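Residue numbers start from 1 in every chain, and the chains themselves are labelled A, B, ... in the order their sequence lines are given, proteins ahead of strands. What you are looking at is a predicted structure, and each value in this text was computed from that prediction instead of being measured. Worth knowing before you read on, the calculation uses all heavy atoms, side chains too, and leaves out hydrogens, waters and symmetry mates.
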Protein chains: 2
Amino acid sequence: MNLICCRGDPTVFEPYWRKAGERCSITFKGDQCLSYLTNPKALCWFMEPKLEEEIKKVHRIVGNAKVDDHHLVVGNGSSQLILAALYALCSPNHHTQPHPIDVVSAAPYYSTYQEEVDLLCSALFRWAGDAHQYDNKDEPYIELITSPNNPNGVIREPVVNRPGGRLIHDLAYYWPQYTAITSQLDHDIMLFTASKCTGHAGSRIGWALVRDEEVAKKMVKFIEVNSIGVSKESQLRTAKILSVASESCQEKGLNNFFLYGRHVMANKWKKLREIVKKHQRFIIPKYPLQYCQFSKDYVEASPAYAWMSCKFENMEDQDCEKILKDQNVIVRSGSRFGSDSKHARVSMLSREDDFNVFLQRLSAISKA
Amino acid sequence: MNLICCRGDPTVFEPYWRKAGERCSITFKGDQCLSYLTNPKALCWFMEPKLEEEIKKVHRIVGNAKVDDHHLVVGNGSSQLILAALYALCSPNHHTQPHPIDVVSAAPYYSTYQEEVDLLCSALFRWAGDAHQYDNKDEPYIELITSPNNPNGVIREPVVNRPGGRLIHDLAYYWPQYTAITSQLDHDIMLFTASKCTGHAGSRIGWALVRDEEVAKKMVKFIEVNSIGVSKESQLRTAKILSVASESCQEKGLNNFFLYGRHVMANKWKKLREIVKKHQRFIIPKYPLQYCQFSKDYVEASPAYAWMSCKFENMEDQDCEKILKDQNVIVRSGSRFGSDSKHARVSMLSREDDFNVFLQRLSAISKA
């Protein structure tokens, strides 16, 4: 049977939440949350105040992003917020600009960016590919910076660095379970998602920290027109889950959610590295030791994805996706990320059992 | 203080759900709903099977739409589904078509359609205004048919009726509390929303019944790229609420949710008609008596909005929004609906107390 490793489905933290038990439960009565509105006078009128409070709290405790000088905008996952941000950054000029604004990201980049940007063939913005290759020198542009990067886990800075550029920082994976927290980031637009923070992808809650008020207002406008807000049930449940995660940070060991997450992820990476080292048929990235201000120790990154490539000397076509597919392991080809088919992205976010099956099949390929 | 009657915020049914009590409650534990996926092999892979079952059940019981030959697609409210449907109907041709496909709707039309269609300046589709005025004879087009219509409550048919036309039926208000259920509709694309069915707008759950499999698949693709699915908490809670609504249909009196809803709405309309009749300063539509197959009796519609116009003989400028605003009643001007400022839309979906304040202020204006 096929083993699905192509999606970043974050079921890896399930045991933590199972153990956390009743403290995480939330009940909705029939007459709750009927209204579209939460706070009609707030900038983000559909955002639950409790969610805002818990998002700010967890960022302060983890120390990964500054929240005090930013406006908070909640969205249906960070996907919707990327579109909202593109709309906000492009809409003021669309009647005067001669063509859509270029959107770039350094390869390998998250495979969905291109799909998202091009989906409706907008006259406001268009996908312009790899930021490293971008040479449209005199035009305004938007650069998406994913840090740690999806698919390869590296910490990133903008690469175009030209006047007229606007930046969107996708920080979905900038949490202690995946990487060292080395500084409190303070960018203009910073995107996060519950999916990768606590693992609750089914709730579809993302949030943006936005410095400029006008940009934040336009993002809210986009979400208002696109979906008239965001599920209140999901917002209130995410607030609950985040409050439990924040509270757990008072503990040192594996009761601390983020230290638990790091432990589980590091353990998976350790097992993967052992097999890769033993068989010498695949290559995975190494990450430097870095001091984490959250855990106060030196750690190596344990990213959400393994960005693998092959070294089968007897093969002409080193198509990593295909090689893995022959063993019924479904991964996403590097070509989807603006890279090549020698590479593939493998999710490290699966349940323990599935991950062990992956390791067995990887061994089998390596021995073949 | 301003009284907000400009939004269709459906808090009117709150007392029913409060009384229904525990039967409507739903609890989520911390380890539930972590995955993005629900049923990877299903056409709508992010839809909860329980929601699909309850949606089909309520349509069968109410008798307002055929469900057996249609695919079900769930969305973040029906707003997102409108965009998904436009994408699905336009995307196959966008590389060959010379310009965006025209989207029309008969005036007065729902004010948000135009905003939605034009938001991203898509090359796939564009707003072309009032279907009655549409004379772009040789082009493909899409007509949005809202029935009962928002803002004026009338039952509608397509008006352009030309080859090459594709139809989207927005049936948000085709439920017994607003109008007689005169037939089981069987259109190609039919949109519904929990907001107007049960009043749970905060959940942001809409659904589409789609005859053509390819169109349904493309709608799913749009939602996948736009927001990677739909809140599972909202889906499961909506399933619960719908199951209680369906079950209540076994009862005859006000325990039956839809009969309760009709009673409350009819009562509001009765009060409004009395005041309008007494003072002779405003005009509201009359609706014909129609046989309702759900309740098995003749009923007059009690729409979600009152589409009002003024007849102040001494005034030159009969701006209905402005006249009401002078009494601190905030409504939406007819000009926003492709009509004129003599008209305005007033929500009939507010809580009883707010509605009574509205009636008082309307009396005060009328006497002035």
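With rounding to the nearest 0.5 Å, the separation of OG in B/Ser79 from CD1 in A/Ile223 is 12.5 Å. The structure places CD of B/Glu233 at 15.5 Å from NZ of A/Lys232, a figure rounded to the nearest 0.5 Å. The distance from the OG atom of A/Ser35 to the NE2 atom of B/His200 is 12.0 Å, given to the nearest 0.5 Å. How far CD of A/Gln235 is from OG of B/Ser234: 9.5 Å, rounded to the nearest 0.5 Å. Taken from CG in B/Leu124 to CG in A/Leu119, the straight-line distance is 8.0 Å, to the nearest 0.5 Å.
Of the listed residues (B/Gly199, B/Gly229, B/Gly206, B/Gly77), the greatest number of heavy-atom pairs within a distance under 4.5 Å of chain A belongs to B/Gly199. With chain A as partner, the option from B/Glu224, B/Arg237, B/Glu14 having the largest number of non-hydrogen pairs under 4.5 angstrom is B/Arg237. Interface summary for chain A: among B/Asn226, B/Thr11, B/Leu349, the most heavy-atom pairs under 4.5 angstrom belong to B/Asn226. Comparing A/Gly75, A/Ala201, A/Gly21 by how many heavy-atom pairs each has under 4.5 Å with chain B, the most go to A/Ala201.
In this structure, B/Glu115 places its CD atom where more than 12 heavy-atom neighbours from other residues, nucleotides or ligands lie under 6.0 Å away.
Proximity to chain B involves both the backbone and the side chain of A/Leu120, based on heavy atoms less than 4.5 angstrom apart. In this structure, chain B has a heavy atom under 4.5 Å from the side chain of A/Phe125, while its backbone stays farther away. For B/Leu37, the parts lying near chain A are the backbone and the side chain together; criterion is any non-hydrogen pair under 4.5 Å. For A/Val230, the part lying under 4.5 angstrom from a heavy atom of chain B is the backbone only. Looking at B/Lys19, neither its backbone nor its side chain comes within 4.5 Å of chain A, counting heavy atoms on both sides. Using a 4.5 Å cut-off between heavy atoms, A/Lys221 contacts chain B through its side chain alone, with no backbone atom that close. Using a 4.5 Å cut-off between heavy atoms, A/Ser195 contacts chain B through its side chain alone, with no backbone atom that close.
Residues passing the ring-ring contact (aromatic ring centres under 6.0 Å, His included) test with A/Phe257, sequence neighbours excluded: A/Phe13, A/Tyr16, A/Trp17.
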### Message
B/Asn76 vs A/Gln80, test: side chain to side chain contact (heavy atoms under 4.5 Å, CB included). Steps then yes/no.
### Response
CA-CA 11 Å; B/Asn76 290 288; A/Gln80 194 189 33; over 6 Å; no
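Annotation for A/Tyr36 and B/Gly8: closest pair CE1-O, 3.5 Å, computed over non-hydrogen atoms.
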Without placing hydrogens or testing angles, list every side-chain donor-acceptor pair under 3.5 Å for residues 22-33 of chain A, not counting sequence neighbours.
residue : atom : partner : partner atom : Å
A/Thr27 : OG1  : B/Thr27 : OG1          : 2.6
A/Asp31 : OD2  : B/Arg18 : NE           : 3.2
A/Gln32 : OE1  : A/Lys29 : N            : 2.7

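Counting only heavy atoms from C-beta outward, the side chains of A/Arg204 and B/Ile228 approach each other to under 4.5 Å.
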